[in-house]
Chemist: 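Mind having a look at this structure? Questions to follow.
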Amino acid sequence: MVDEFNAPSVEAKWQKRWFDSDICSPEPEDGKKKFYLMFAYPGVSGYLHVGHMRGYTYSDVITRYKRMDGYNVLFPVGAHSSGNIAQAFSRKIERNIPGHIEILKANGCDDAQIERLKDPLEVVNFFSHIYINDYWKKFGFLATYDCFTTTIDPGYQRFIEWQFRKLDKAGMLFQKPYFGSACLNCGPVAVDASETDISQGGSAEKQEFTLLKFKLGDEIAVAGTLRPETVFGQTNFWINPDVEYVKARVGDETWILSSEAAQKLSFQKDDIEVTGRVAGRDLVGKTVIAPVVDREIPIFPSSFCDPDVGTGLVTSVPSDAPYDWIALVDLMNDPAECEKYGLDVEMVKAIKPIPIIRSKGYGENPAIEIIEKMGIQNQEDERLEEATKEIYKAGFHTGVMNDNCGEYAGMAVTLAKDKVKDMMLEKGLADVMYDLSEPVICRCGEKVIMKKIPDQWFIDYGDDNVTEISKAFVRDEMNILPPEYKDSMPATLDWFKERACARLGNWLGTKLPQDPRWIIEPISDSTLYSAYYIISPYINAGSIKEEQLNDEFFDFAFLGEGEPDALSTSTGIPVETLEKVRNDFDYWYPLDINLGGKEHMTVHFPVFLMNHAAILPENDWPRGIIVNWWISGKGGKLSKSKGGAQPIPDAARLFTVDGLRLYYSHIANPFVDVEWDEASVKNSRQIIKRIWNFAHELMEVNGKADNTLDTWLESRMSTHINDSRKAMDDFELREASNRIFFEIMSDFRWYARRGGANPEVTKKGMNAWIRMMAPFTPHIAEELWEKMGSQGFVSTSQFPEFGEFEIDNSILMAEDFIRDVQADITGILKMTGMTPTRICLYTAPAWKNKLFGMGLDILQNGRIDMGQLMKQAMAEPDMKQRSKEVSAFAGRIMKDAGKFSDADKDKAAMDFDEAEFLRSASSFLGKEFNCLVDVFLADEPGVYDPQNKRNGAFPFKPAIYIE
RNA sequence: GCAGGGAUACCCGAGCUUGGUCAAAGGGGCGAGGCUUAGGACCUCGUGGUUAGUCCUUCGUCGGUUCAAAUCCGACUCCCUGCACCA
């Protein structure tokens, strides 16, 4: 019995040997082809989970293959540490957020370490080491660890400063006002579902309210709306009688609005000052002049006006706003309420909705329709939100403005919305206010508001030139997977306009060189780092000092500008070092593959490409992108109860590293999300063990040579090598691993089952097999490689070449044939339920074989052509005799012949002697079915055939009679 | 809102770009047998319905193109995903 596969010790053994060798520190070699791959580095956000290892593992498998295919491979790793994640992490510890510390402890973090992690820099430092040592090295990644860098390293920051000066020179940096979310204590905060900065409101959206100005005597009542195009349908004005509004001076106007709105606007306007107050109830019953339509409309009371939404004042468009209509209905039905404010009920009842928009699926007044449809009774009904959204959606997408909308008549709502807004802004009838769709609370507990940033810095990704050259490059030069992403990339590049690239808060990152008050934000400092990886080993080793990294250095290293002698004088870097750096860059660049998760599709990958296009010459632009999807838990995140939440090193122990690597490679193609399913992972682990045991059995093989079977095994290996190579070259890891880990194994089994036992051929096959496994499951491959007595690392051996094995198509075909016969016999046995004592096989008569040969001939020259076959056949006297049979058989023959349409196969088929082959295989079949097996020719006179089965024989499908 | 993806047999998942060789790869699960009777390990066969190896009906729904469609076209229904200063 073989020793059990001791994964932990085998893993440790080979990892030590690899990392003690120089595999991971490649040097440029003249004349040797190179391959440069990186994965989008992870943000330092704490412990990672097994899902993250999927894409990283792809990277290692691909680069291992390339290395074995004769490439010099550069595969650097790094960590993204700028932005607020490290800080957010520290703050979570300080605030003792539930669950946070538990996760740390579960991952083996002790109290003292947790205490130290209150410092964001320690977070970066600590987790960088975890990523390298506990994840990537533990998984056996032959990455170029010398390159490791994080985005807050001083050298990296010099690089980013250089990059931003380059962007500036290219005219891609500019400033303009911007409205962003911010906390009054902490400055700018990100509002997003991950809620790194905030404690509540992650799903809030930025909303733009158009502020409509209504004349009310000398003052202006300001109503906020999300639908400026509906001003044509205004019938009245809503105010909450129970709210105290404020008067505020804005420029030379006096506005009436809620105090909350005035507060919000104070962060968005330079000159707003609250000057007084006015009770809502005091305004009820007055009239205002509605903008655009210039109509006098009455002010009515309502309870739905929320002072914290918009301005707390609302213009009423009952045709298209469910709230407005139901509030009117409420008021009509409540004479007492009218009385209270001195309103004439009849006047209220006289208000008629004004149809302004035709939407698909709705009549004149969509709001009324939907209220009736949903059975909404009054303005307190919570479903009004839903109704509003529904109408908004229908109106926005399908609506067309009515004839009563002036110059906008007939215009689609999507267009009219902005046109009407712009017109009002231009004429001074309206203003704009930004708000969040729901309350957002900062981590510090303060409310998050929308704030005007008058001089926000942007990168102009809308630059026509950069956009166009990037699009063309994607189309003509880049290898992007999946193909759908390649197809949509040009549209994404077009869509990408300006992007805010720096912030004023207290974040980790590089100061904007043009204005050091700003810190460059984390997307914008991670677009060109594949270039920095080339020089980071020098900085890590101390042969280039951070202070020597001036712009001239980067210009020389990355652009080849300047002279090394002069540069050496100005920087103090030796000329040889400078020349080596430049040579490295020349050799390794461009990047061949940037591999990253699907979250990068709309932001990182496009800006990554466009920065290259803007700064580097075209022959240094990236050649490829591979996007990988995620691993999730059932119905969402990975979790303790459903598995997959354990620390990565624990998973590696439990499932073995090779098991996990095989799982990632084989479970699905890279372009779908995968649910972490522990049964599947265990199965992958089992496969590793199975291969271990099976390989040991194969090593014991000690039989005789059998030319047919040996050649068959070799031929199969040839096929597998050819197809695996093709799959790997196309980055189809699933296809390749399926072949290597399942099909090759099953071929070895078949070989043994048929009686193959040649130790030389077996060892030769195993030698290739192990090399093919190596990119996927390097640890077991190395161990088996060593046991087989091979020298050196399998990791640095040559991936099998197509010519290593003999290939004989006729033998491949013959084995397929015997399997078909076996399957047919099994089928009959299953149907009849009999236990055979004798099996008789009858090969097809000569005339059928002849006709079959004709069919193959015709097929070789083109497509199936029944007419020609019949014509040709009838010319032969022996065929003519049995013309009826011939025509019946011809249709079938052409169909079967289709199987041999392959040029090699049809030749083999023509020369194949079925009877002889079956006779040689009869002892095998006899063993399989445990009975006597006889082979006859169907046209042999007087053959034993009690049930007259032999007439059913076809070429490659012998007739079968079973007793 | 902008952009994109998918619906395949008990389950997961190939295949669809280049229509025929697709009843539809490969796993898992389940069933039968073997091997072992030490740890649910391993091997073989089966797993739409039928019949001596055939034939029939299937690849979200409806319709179309074609001698021929899971594969091409149109419509529909239902799921999912990314992005919006999060990386």
Side-chain angles (χ1 to χ4, degrees), chain A residues 40-45 80-85 88 178 180-181 188-197 202 205-206 393 396-397 414 453 456-458 482-485 487-488 491-492 495-496 498-503 521-524 526 596-604 606 627 629-630 632 666-669 671-675 677 679-680 682-684 686-687 689-690 693-694 697 734-735 737-739 741-743 746 749 752-753 820-821 823-834 863-864 895-902 928 947 949 952 957-962:
Chain A
Y41 48 28
V44 180
S45 57
H80 191 245
S81 53
S82 35
N84 62 344
I85 32 177
Y178 181 75
S181 49
V189 294
V191 175
D192 64 79
S194 70
E195 299 194 342
T196 22
D197 292 353
E205 290 177 37
K206 178 177 169 179
K393 222 169 155 180
F396 185 77
H397 290 290
T414 43
I453 304 161
Q456 172 67 49
W457 287 88
F458 290 88
E484 299 80 45
Y485 182 51
D487 293 343
S488 66
T492 309
W495 164 83
F496 226 104
E498 68 231 14
R499 181 179 176 92
C501 65
R503 20 162 84 150
E521 63 86 36
I523 294 278
S524 304
S526 309
K598 64 177 178 179
E599 70 276 21
H600 298 303
M601 288 199 291
T602 41
V603 182
H604 169 67
V627 186
W629 266 236
W630 295 342
S632 62
H666 184 254
I667 185 66
N669 83 48
F671 320 123
V672 292
D673 285 325
V674 169
E675 274 181 13
D677 170 23
S680 301
K682 282 182 179 158
N683 190 253
S684 296
Q686 200 55 52
I687 304 252
K689 287 189 178 170
R690 203 178 298 171
N693 293 329
F694 186 59
E697 283 172 35
R734 182 172 208 265
E735 164 72 21
S737 58
N738 190 256
R739 201 163 267 288
F741 290 88
F742 296 90
E743 294 191 27
S746 103
R749 287 228 172 85
R753 192 169 160 194
D820 286 347
V821 172
D824 279 349
I825 296 171
T826 308
I828 296 169
L829 293 177
K830 183 198 155 208
M831 291 298 171
T832 57
M834 59 204 287
R863 293 212 36 96
I864 293 170
K895 191 176 163 232
D896 282 0
K899 287 184 192 170
F900 299 94
S901 58
D902 199 276
E928 289 284 311
Q947 286 190 11
K949 291 287 182 195
K957 198 164 179 66
I960 299 166
Y961 167 65
I962 300 174

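If you're wondering where the values come from, they're calculated on a predicted model, not measured in any experiment. Just so it is clear: chains get the letters A, B, ... in the order the sequence lines come, proteins before strands, and each one is counted from 1.
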Chemist: Measure from CH2 on A:Trp495 to C1' on B:rG1 and round the result to the nearest Å.
Modeler: 11 Å
Chemist: Give one of base, sugar-phosphate or nothing for A:Asn669, where a contact means two heavy atoms less than 4.0 Å apart.
Modeler: sugar-phosphate
Chemist: CD of A:Glu484 versus C1' of B:rC16: gap in Å, rounded?
Modeler: 12 Å
Chemist: How long is the span from the OG atom in A:Ser684 to the CZ atom in A:Arg690, to the nearest 0.5 Å?
Modeler: 10.5 Å
Chemist: Looking only at heavy atoms, what is the nearest atom pair of A:Val603 and A:Pro606, with distance?
Modeler: O-CD, 3.2 Å
Chemist: Under 3.5 Å, which protein N or O atoms sit close to an N or O of nucleotides 27-34 of chain B? Give each pair with its distance.
Modeler:
residue	atom	partner	partner atom	Å
B:rG28	OP1	A:Asn683	ND2	3.2

Chemist: With rounding to whole Å, what would you report as the distance between B:rA70 and B:rG5 at their P atoms?
Modeler: 23 Å
Chemist: Taking CZ from A:Phe694 and P from B:rA41, how many angstroms apart are they, rounded to a whole number?
Modeler: 18 Å
Chemist: Indicate the atoms forming the closest heavy-atom contact of A:Ala668 with A:Val674, along with that distance.
Modeler: CB-CG2, 3.6 Å
Chemist: To the nearest Å, give me how far apart CD1 (A:Ile828) and P (B:rU50) are.
Modeler: 19 Å
Chemist: As an exercise, state the distance from CD1 of A:Ile825 to CD1 of A:Ile962, rounded to the nearest 0.5 Å.
Modeler: 6.0 Å
Chemist: Using a 4.5 Å cut-off on heavy atoms from C-beta on, say whether the side chain of A:Thr602 contacts that of A:Phe496.
Modeler: no
Chemist: Any heavy-atom pair between the side chains of A:Pro522 and A:Arg503 that's under 4.5 Å?
Modeler: yes
Chemist: Where each residue is assigned the nucleotide of RNA chain B containing its nearest heavy atom, which of A:Ser82 and A:Gln686 is assigned the position nearer the 5′ end?
Modeler: A:Gln686
Chemist: Give the rounded distance in Å between these two atoms: NZ of A:Lys689 and P of B:rC43.
Modeler: 14 Å
Chemist: Identify whether any heavy atom of A:Glu599 sits under 4.0 Å from a base atom; if not, whether one sits that close to sugar-phosphate; answer base, sugar-phosphate or nothing.
Modeler: base
Chemist: Base, sugar-phosphate or nothing for A:Glu735? Non-hydrogen atoms, less than 4.0 Å.
Modeler: nothing
Chemist: Return the value, rounded to whole Å, for the distance between atom CZ of A:Arg499 and atom P of B:rA84.
Modeler: 6 Å
Chemist: Would you kindly give the CD-to-P distance between A:Gln947 and B:rG53, to the nearest whole Å?
Modeler: 12 Å
Chemist: Rounded to the nearest 0.5 Å, what's the gap from NE2 on A:His666 to CZ on A:Arg739? Could you check?
Modeler: 11.5 Å
Chemist: Are the side chain of A:Glu599 and the backbone of A:Trp629 linked by a donor-acceptor contact shorter than 3.5 Å?
Modeler: no
Chemist: Please state whether the phosphate of B:rC45, meaning OP1 or OP2, lies under 4.0 angstrom from any side-chain nitrogen or oxygen of A:Arg753.
Modeler: yes
Chemist: Determine the Euclidean distance between corresponding C1' atoms of B:rG31 and B:rC83; express it in Å to zero decimal places.
Modeler: 49 Å
Chemist: Under 4.0 angstrom, heavy atoms only, what part of the nucleic acid is A:Tyr485 near: base, sugar-phosphate, or nothing?
Modeler: nothing
Chemist: As an exercise, state the distance from CZ of A:Phe458 to OG of A:Ser524, rounded to the nearest 0.5 Å.
Modeler: 11.0 Å
Chemist: Between the protein and nucleotides 79-81 of chain B, which nitrogen or oxygen pairs are less than 3.5 angstrom apart?
Modeler:
residue	atom	partner	partner atom	Å
B:rU81	O3'	A:Lys598	NZ	3.4
B:rU81	O2'	A:Lys598	NZ	3.2

Chemist: Dot-bracket, RNA chain B: Watson-Crick or G-U, under 3.5 angstrom, [ ] crossing, | other strand?
Modeler: ((((((((.[[[..)....(.....]]]((((((.......))))))((.....))...[[[[[..)....]]]]])))))))....
Chemist: Students often get this wrong, so: under 4.0 angstrom with heavy atoms, is A:Pro606 touching a base, only sugar-phosphate, or nothing?
Modeler: nothing
Chemist: Pick the nucleotide of RNA chain B nearest each of A:Cys501 and A:Ala668; which residue has the one closer to the 5' end?
Modeler: A:Ala668
Chemist: How far does the P atom of B:rC16 sit from the matching atom of B:rG60, given to the nearest Å?
Modeler: 15 Å
Chemist: Taking all non-hydrogen atoms of both residues, which atom of A:His600 and which atom of A:Ala40 are closest, and how far apart?
Modeler: NE2-CB, 3.6 Å
Chemist: Taking atom P in both B:rC76 and B:rC86, what distance in whole Å separates the two?
Modeler: 37 Å
Chemist: What contact category does A:Ser488 fall into here, base, sugar-phosphate, or nothing, at under 4.0 angstrom with non-hydrogen atoms?
Modeler: sugar-phosphate
Chemist: Base, sugar-phosphate, or nothing: which does A:Ile962 touch, judged by heavy atoms less than 4.0 Å apart?
Modeler: base
Chemist: What is the nucleic acid contact for A:Arg734, judged by heavy atoms within less than 4.0 Å: base, sugar-phosphate only, or nothing?
Modeler: base
Chemist: Considering only heavy atoms from C-beta outward, does the side chain of A:Thr492 approach that of A:Met601 to under 4.5 Å?
Modeler: no
Chemist: Over all strands shown, is A:Ala959 touching base, sugar-phosphate only, or nothing at heavy-atom distances under 4.0 angstrom?
Modeler: base
Chemist: Nearest to the A:Tyr961 side chain among B:rU54, B:rA52, B:rA87, which nucleotide is it?
Modeler: B:rA52
Chemist: What's the spacing between A:Arg753 CZ and A:Ser746 OG if we round to 0.5 Å?
Modeler: 10.0 Å
Chemist: Write down the distance separating the P atoms in B:rC55 and B:rA7, rounded off to the nearest Å.
Modeler: 30 Å
Chemist: Rounded to the nearest 0.5 Å, what separates atom CD in A:Glu743 from atom CG in A:Asn738?
Modeler: 5.5 Å
Chemist: Can you name the closest pair of heavy atoms from A:Ile85 and A:His80 and give their distance?
Modeler: CD1-O, 4.4 Å
Chemist: What is the distance from CZ of A:Arg749 to C1' of B:rC45, rounded to the nearest Å?
Modeler: 14 Å
